[in-house]
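Below you'll find the structure, written out as structure tokens, and then a few comments.
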Amino acid sequence: MSVMPPEEKLLRALQAKKLTLSTAESCTGGLIANRITNIPGSSKVFLLGIIAYANSAKCRLLKIPEKTIQSYGAVSSPTSRLMAESARELGGSDLGLGLTGIAGPGGGNKNKPVGTVFIAVSSAKKSSVRKFLFPGSRRQIKKQAADKAIEMLLKNI
């Protein structure tokens, strides 16, 4: 008996509740969208996935105000919340996910070390953001961030 992967649990939960999802990813580089779309039937619930890696893409595509990135940084609670809300609005979906972080090995500092990730989930009623500090290599941080994002989505359904 095989264990159902978390992304399949997410897909089944979205289908059961007749909810749709759109994502805006930065440091995970589309890993979440990839995992979801590997499952047959995902097109019924997964509407949009944007990889906004550069700050200019976050501003241009996701309409994140430059002032927000200048004030708080691309890796911040306000930026991830706005990414989630923008993904939801752009996709016309029930839920939006926004994820931004520092996968390393460079790019970190004292206040935001490598492994710092902000994950936001947005619905029409509310948006919530959590901050994480994941250990390990670049790939390990990306995987942990994707796992946690899927877990957060499952809890918000």
Side-chain angles (χ1 to χ4, degrees), residues 6-7 9-11 13-39 41-104 107-109 111-112 114-134 138 141-157:
E7 55 270 25
K9 286 181 189 170
L10 173 62
L11 194 70
L14 289 166
Q15 290 170 332
K17 299 270 178 121
K18 296 184 173 23
L19 296 173
T20 54
L21 171 66
S22 296
T23 61
E25 299 179 64
S26 186
C27 72
T28 47
L31 183 57
I32 297 161
N34 179 60
R35 285 173 57 174
I36 292 169
T37 59
N38 281 339
I39 303 164
S42 57
S43 61
K44 291 180 179 74
V45 296
F46 186 74
L47 304 184
L48 172 84
I50 292 176
I51 303 167
Y53 209 66
N55 290 349
S56 58
K58 289 175 183 71
C59 296
R60 195 170 56 254
L61 297 174
L62 298 171
K63 309 295 185 223
I64 309 298
E66 282 185 43
K67 193 169 96 179
T68 299
I69 292 176
Q70 288 167 357
S71 299
Y72 303 101
V75 177
S76 66
S77 179
T79 299
S80 65
R81 181 180 54 78
L82 290 170
M83 288 173 71
E85 291 169 357
S86 185
R88 183 173 55 80
E89 290 166 19
L90 287 168
S93 58
D94 300 301
L95 296 172
L97 174 79
L99 189 150
T100 182
I102 305 165
N109 60 40
N111 296 329
K112 293 179 189 174
V114 169
T116 301
V117 176
F118 289 87
I119 303 171
V121 176
S122 171
S123 70
K125 292 180 184 172
K126 68 172 183 144
S127 295
S128 57
V129 182
R130 288 185 61 196
K131 178 183 179 182
F132 299 94
L133 183 57
F134 298 116
R138 182 177 183 83
I141 290 166
K142 288 172 65 172
K143 183 185 181 314
Q144 290 171 88
D147 288 345
K148 192 54 78 173
I150 291 168
E151 180 184 308
M152 282 178 64
L153 283 164
L154 273 165
K155 286 181 180 172
N156 278 274
I157 294 176

**Side chain to side chain, Ile119 and Arg130, heavy atoms closer than 4.5 Å** = no
**Asked** Just one of Val75, Val117, Val129 clears the side chain to side chain contact (heavy atoms under 4.5 Å, CB included) bar with Ser80, so which one?
**Response** Val129
**Asked** Heavy-atom distance under 4.5 Å between the side chains of Leu11 and Val45, does that happen here?
**Response** yes
**Prompt:** How far does CG of Asp94 sit from OG of Ser22, to the nearest 0.5 angstrom?
**Reply:** 9.0 Å
**Request:** Taking all heavy atoms of Ser93 and all of Thr20, pick out the closest pair and write down the distance.
**Result:** CA-OG1, 3.1 Å
**Prompt:** Does a donor on one side chain sit under 3.5 Å from an acceptor on the other, for Ser127 and Glu85?
**Reply:** yes
Return a table of donor-acceptor pairs under 3.5 angstrom between the side chains of residues 62-71 and protein atoms on other chains or two or more places apart.
from, atom 1, to, atom 2, distance (Å)
Lys63, NZ, Arg60, O, 3.0
Ser71, OG, Lys67, O, 2.9

**Asked** If every non-hydrogen atom of Leu154 is compared with every non-hydrogen atom of Pro6, which pair is closest and at what distance?
**Response** CD1-O, 4.0 Å
**Message:** Do Ile150 and Arg35 have side chains that approach each other closer than 4.5 Å (heavy atoms only, starting at C-beta)?
**Reply:** yes
**Request:** State which residues pass side-chain contact (heavy atoms from CB on, under 4.5 Å) with Val114; sequence neighbours excluded, sorted by chain then number.
**Result:** Ile102, Ile141
**Request:** Can you see which heavy atom on Gly73 is nearest to which on Thr79, and at what distance?
**Result:** O-OG1, 2.8 Å
**Request:** Compare all side-chain heavy atoms of Leu21 with those of Leu47 and state whether any distance is below 4.5 angstrom.
**Result:** no
**Complete:** One should read off an interatomic distance between Ser43 OG and Ile36 CD1, to the nearest 0.5 angstrom, of 12.5 Å
**Message:** Just verifying a value: how many Å separate Phe134 CZ and Cys27 SG, rounded to the nearest 0.5 Å?
**Reply:** 9.0 Å
**Asked** Could Glu151 and Lys148 be called an ion pair, given the rule that one side-chain N must be under 4.0 Å from one carboxylate O?
**Response** yes
**Asked** In terms of side-chain geometry, is the basic nitrogen of Asp147 or Lys142 positioned less than 4.0 Å from the acidic oxygen of its partner?
**Response** no
**Tyr72 atom OH: more than 12 heavy-atom contacts under 6.0 Å** = no
**Message:** I want to check something: taking the side chain as every heavy atom from C-beta on, are Thr116 and Phe132 in contact at a cut-off of under 4.5 Å?
**Reply:** no
**Complete:** Heavy atoms of Ser76 and Lys112 approach each other most closely as CB-NZ, 4.1 Å
**Message:** For a 4.5 angstrom cut-off between non-hydrogen side-chain atoms, does Phe118 reach Leu99?
**Reply:** no
**Request:** Report yes if the side chains of Met83 and Thr100 come closer than 4.5 Å at any heavy-atom pair, otherwise no.
**Result:** yes
**Message:** Ignoring hydrogens, what is the shortest heavy-atom contact between Ala33 and Phe46? Give both atom names and the distance.
**Reply:** CB-CZ, 3.6 Å
**Asked** Does Asn34 reach the main-chain N or O of Gly30 with its side chain, forming a donor-acceptor pair under 3.5 Å?
**Response** no
**Message:** Distance check, rounded to the nearest 0.5 Å: Ile50 atom CD1 versus Glu25 atom CD?
**Reply:** 10.5 Å
**Asked** Rounded to the nearest 0.5 Å, how far apart are OG of Ser123 and CD1 of Ile157?
**Response** 11.0 Å
**Message:** Can you give me the closest heavy-atom contact between Lys58 and Ser26, atom names plus distance?
**Reply:** NZ-OG, 3.0 Å
**Rounded distance [0.5 Å steps], OG1 in Thr28 versus CD in Gln144** = 13.0 Å
**Prompt:** Does the side chain of Leu97 reach to within under 4.5 Å of the side chain of Ile32, using non-hydrogen atoms?
**Reply:** yes
